[in-house]
Chemist: 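Sharing a structure here in structure tokens format.
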Number of protein chains: 2
Amino acid sequence: MTAKTPPRPTDAELEILTVLWSRGPSTVREVHEIVSRRKETQYTTVLKFMQIMADKGLVRRDEKNRAHVYEASRPREWTQRQLAGDLLERGFAGSAKSLLVGALSARKASAKELVELRKFLDDYEKGIR
Amino acid sequence: MTAKTPPRPTDAELEILTVLWSRGPSTVREVHEIVSRRKETQYTTVLKFMQIMADKGLVRRDEKNRAHVYEASRPREWTQRQLAGDLLERGFAGSAKSLLVGALSARKASAKELVELRKFLDDYEKGIR
DNA sequence: ATCATACTACGAACGTTTTCGTTGTCAAGA
DNA sequence: TCTTGACAACGAAAACGTTCGTAGTATGAT
């Protein structure tokens, strides 16, 4: 029996994951605090999402304390890989170039970011064996 | 009053759009023919989606002939920009590099594709004024 | 012991997405 | 003219995603 990979997070779930990625293990209250800055949301709404995410295997829950502590069950890079890979296939016919074109036309990249991108391409190429 | 931009396409809608992008204006039957190769789907399911998409403004419909002809109402690049931009912000905190890392770790790029990517970066840089 | 508070659990409503069956229409061939 | 096949329209069910209210429970302060 293989542990199955968690499904692609929904929009609301992704927002919560980003909080967990940046804060590390957090309580519902802490996540709600951050999320509700952007978007008016009830505490119990966030709680419900995090419960659902625990069911789906998107997060792990530590119930030792009264206020449960949640953490992303997969590292950020892993989930980002799923997301990027999924969109790459479904919307860009697998063309990484088209994906980058789309991204950089939606959001102008700074000179610094271009340097980063080139550097990554160099490193990536070295990694190919 | 501003003409509002069509909403982000759902998964099923995106699949249909990709067919329209590659084939150009097409009938429901033609789209169904392609889509049903990947995924078992009834004709009327595809029809319904395309009707919904017409309502949403995602596609335009030419009713002159008995078999209506549909075409994407926005060019592929436009929609791809929305998709990439949306994911970039929501899942990658705006970092194009992270998005590319995700994409290229999900799907190994060929040497040729790397050349394309570098070339695009060069062109893109020239375009900044 | 009681009370207020900070939690979790849960149910339900509502909207959206996906799916398909049924019905009605038109056009071409018998 | 009648039938058949190919099509659009529509309704509705089922699944999913989002949102929040209410109820229950544990903890610490009075």
Side-chain angles (χ1 to χ4, degrees), chain A residues 4 6-20 25-71 79 82-83 86-87 90-91, chain B residues 4-20 25-71 79 83 86-87 90-91:
Chain A
K4 74 169 178 319
R8 169 158 60 112
T10 67
D11 287 3
E13 287 166 353
L14 182 52
E15 190 170 6
I16 287 168
L17 282 179
T18 62
V19 175
L20 294 179
S26 309
T27 63
V28 175
R29 180 143 309 277
E30 289 163 340
V31 172
H32 174 251
E33 157 65 18
I34 307 285
V35 164
S36 63
R37 281 180 202 156
R38 303 207 156 276
K39 188 174 184 303
E40 192 171 326
T41 315
Q42 281 326 106
Y43 174 86
T44 55
T45 300
V46 175
L47 168 64
K48 181 67 162 184
F49 278 133
M50 294 177 77
Q51 288 170 342
I52 290 171
M53 291 167 79
D55 277 357
K56 291 185 181 175
L58 252 19
V59 296
R60 250 179 279 111
R61 172 166 51 184
D62 178 352
E63 306 183 359
K64 277 200 288 293
N65 303 298
R66 184 145 131 63
H68 298 174
V69 174
Y70 290 78
E71 89 183 290
T79 299
Q82 306 298 306
L83 291 170
D86 174 71
L87 187 62
R90 290 191 308 106
Chain B
K4 72 173 180 319
T5 61
R8 170 159 56 110
T10 67
D11 288 2
E13 287 166 353
L14 181 53
E15 190 170 8
I16 287 168
L17 283 179
T18 62
V19 174
L20 294 179
S26 310
T27 63
V28 175
R29 179 143 312 276
E30 290 163 339
V31 172
H32 174 252
E33 157 66 17
I34 308 283
V35 164
S36 63
R37 281 180 202 156
R38 301 207 157 279
K39 188 176 183 302
E40 191 171 327
T41 316
Q42 280 326 105
Y43 172 87
T44 56
T45 301
V46 174
L47 169 66
K48 181 65 161 183
F49 278 132
M50 294 178 77
Q51 287 169 343
I52 290 171
M53 290 167 80
D55 277 357
K56 291 186 181 176
L58 252 20
V59 296
R60 251 179 279 111
R61 172 166 50 184
D62 177 352
E63 307 183 358
K64 276 200 290 292
N65 304 297
R66 183 147 131 66
H68 299 174
V69 174
Y70 291 77
E71 93 185 286
T79 300
L83 291 170
D86 174 71
L87 187 63
R90 292 192 307 105

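Being a predicted model, the structure only gives us computed values, none of them experimental. Numbered from 1 within each chain, the chains take letters A, B, ... in sequence-line order.
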Chemist: Answer yes or no: does a side-chain N or O of B/Gln51 lie under 4.0 Å from OP1 or OP2 of D/dA9?
Modeler: yes
Chemist: If every non-hydrogen atom of B/Arg90 is compared with every non-hydrogen atom of A/Thr18, which pair is closest and at what distance?
Modeler: O-CG2, 3.6 Å
Chemist: So, OP1 or OP2 of C/dT22: does either fall under 4.0 Å of a side-chain N or O from B/Lys48?
Modeler: no
Chemist: Whole angstrom is fine here: how far is it from NE2 in A/His32 over to C1' in C/dA6?
Modeler: 14 Å
Chemist: Would one find a side-chain N or O of A/Lys39 under 4.0 angstrom from OP1 or OP2 of D/dT18?
Modeler: no
Chemist: Are any of the side-chain heavy atoms of B/Asp62 and B/Pro25 separated by less than 4.5 Å?
Modeler: no
Chemist: Between NE2 of B/His32 and OG1 of B/Thr44, what distance do you get to the nearest 0.5 Å?
Modeler: 8.5 Å
Chemist: What is the distance from CE of A/Met53 to C1' of C/dT8, rounded to the nearest Å?
Modeler: 17 Å
Chemist: Let me know the distance between CD of A/Gln42 and P of D/dT22, rounded to the nearest Å.
Modeler: 12 Å
Chemist: Give, ordered by number, those residues of residues 9-19 of chain A having at least one heavy-atom distance below 4.0 Å to an atom of DNA chain C; if nothing qualifies, reply none.
Modeler: none
Chemist: B/Leu47 or A/Thr41: which one's nearest nucleotide on DNA chain D is closer to the 5' end?
Modeler: B/Leu47
Chemist: Closest heavy-atom contact between A/Thr41 and A/Ser36?
Modeler: O-CB, 4.3 Å
Chemist: Flag the pair A/Ile16 / A/Pro9 as yes when at least one side-chain heavy-atom distance between them is below 4.5 Å, and no otherwise.
Modeler: no
Chemist: Are B/Thr45 and C/dC20 close enough that a side-chain N or O sits under 4.0 Å from OP1 or OP2?
Modeler: yes
Chemist: For B/Asn65 and D/dA6, what is the distance between atoms CG and C1' respectively, to the nearest whole Å?
Modeler: 14 Å
Chemist: In whole angstrom, what separates A/Ile52's CD1 from C/dT8's P?
Modeler: 15 Å
Chemist: In whole Å, what is the span from the CG atom of B/Leu58 to the C1' atom of C/dT16?
Modeler: 14 Å
Chemist: Describe the nucleic acid contact of B/Tyr43 in one word from base, sugar-phosphate, nothing, applying a heavy-atom distance below 4.0 Å.
Modeler: sugar-phosphate
Chemist: Would you call A/Ile52 and A/Leu58 a side-chain contact if the rule is heavy atoms closer than 4.5 Å?
Modeler: no
Chemist: Report the nucleotide, chosen from D/dC20, D/dG17, C/dT8, that has the shortest atom-to-atom distance to any side-chain atom of A/Lys56.
Modeler: D/dG17
Chemist: Tell me whether A/Glu13 is salt-bridged to A/Lys56, with the criterion being a basic N under 4.0 Å from an acidic carboxylate O.
Modeler: yes
Chemist: If you count every heavy atom of other residues, nucleotides or ligands that lies below 6.0 Å from A/Glu63 atom CD, does the total exceed 12?
Modeler: yes
Chemist: Under 4.0 Å, counting only non-hydrogen atoms across every strand here, what does B/Glu63 touch: a base, just sugar-phosphate, or nothing?
Modeler: nothing
Chemist: Expressed in angstrom and rounded to an integer, what is the separation of A/Asp62 atom CG from C/dC7 atom P?
Modeler: 15 Å
Chemist: Quick one: closest heavy-atom pair of B/Leu14 and A/Gly91, and the distance?
Modeler: CD2-CA, 3.8 Å
Chemist: Picking from B/Glu30, B/Arg60, B/Arg61, what satisfies side-chain hydrogen bond (donor to acceptor under 3.5 Å, both in side chains) with B/Tyr70?
Modeler: B/Arg61
Chemist: Is any side-chain nitrogen or oxygen of B/Arg61 closer than 4.0 Å to OP1 or OP2 of D/dA9?
Modeler: yes
Chemist: For nucleotides 24-30 of chain D, read 5' to 3', which letter fits each nucleotide if B means a protein heavy atom sits under 4.0 Å from the base, S means only the sugar-phosphate is that close, and - means neither?
Modeler: --BS---
Chemist: For DNA chain D, whose closest nucleotide is more 5', that of A/Arg8 or that of A/Glu40?
Modeler: A/Arg8
Chemist: Taking CE from A/Met50 and P from C/dC7, how many angstroms apart are they, rounded to a whole number?
Modeler: 13 Å
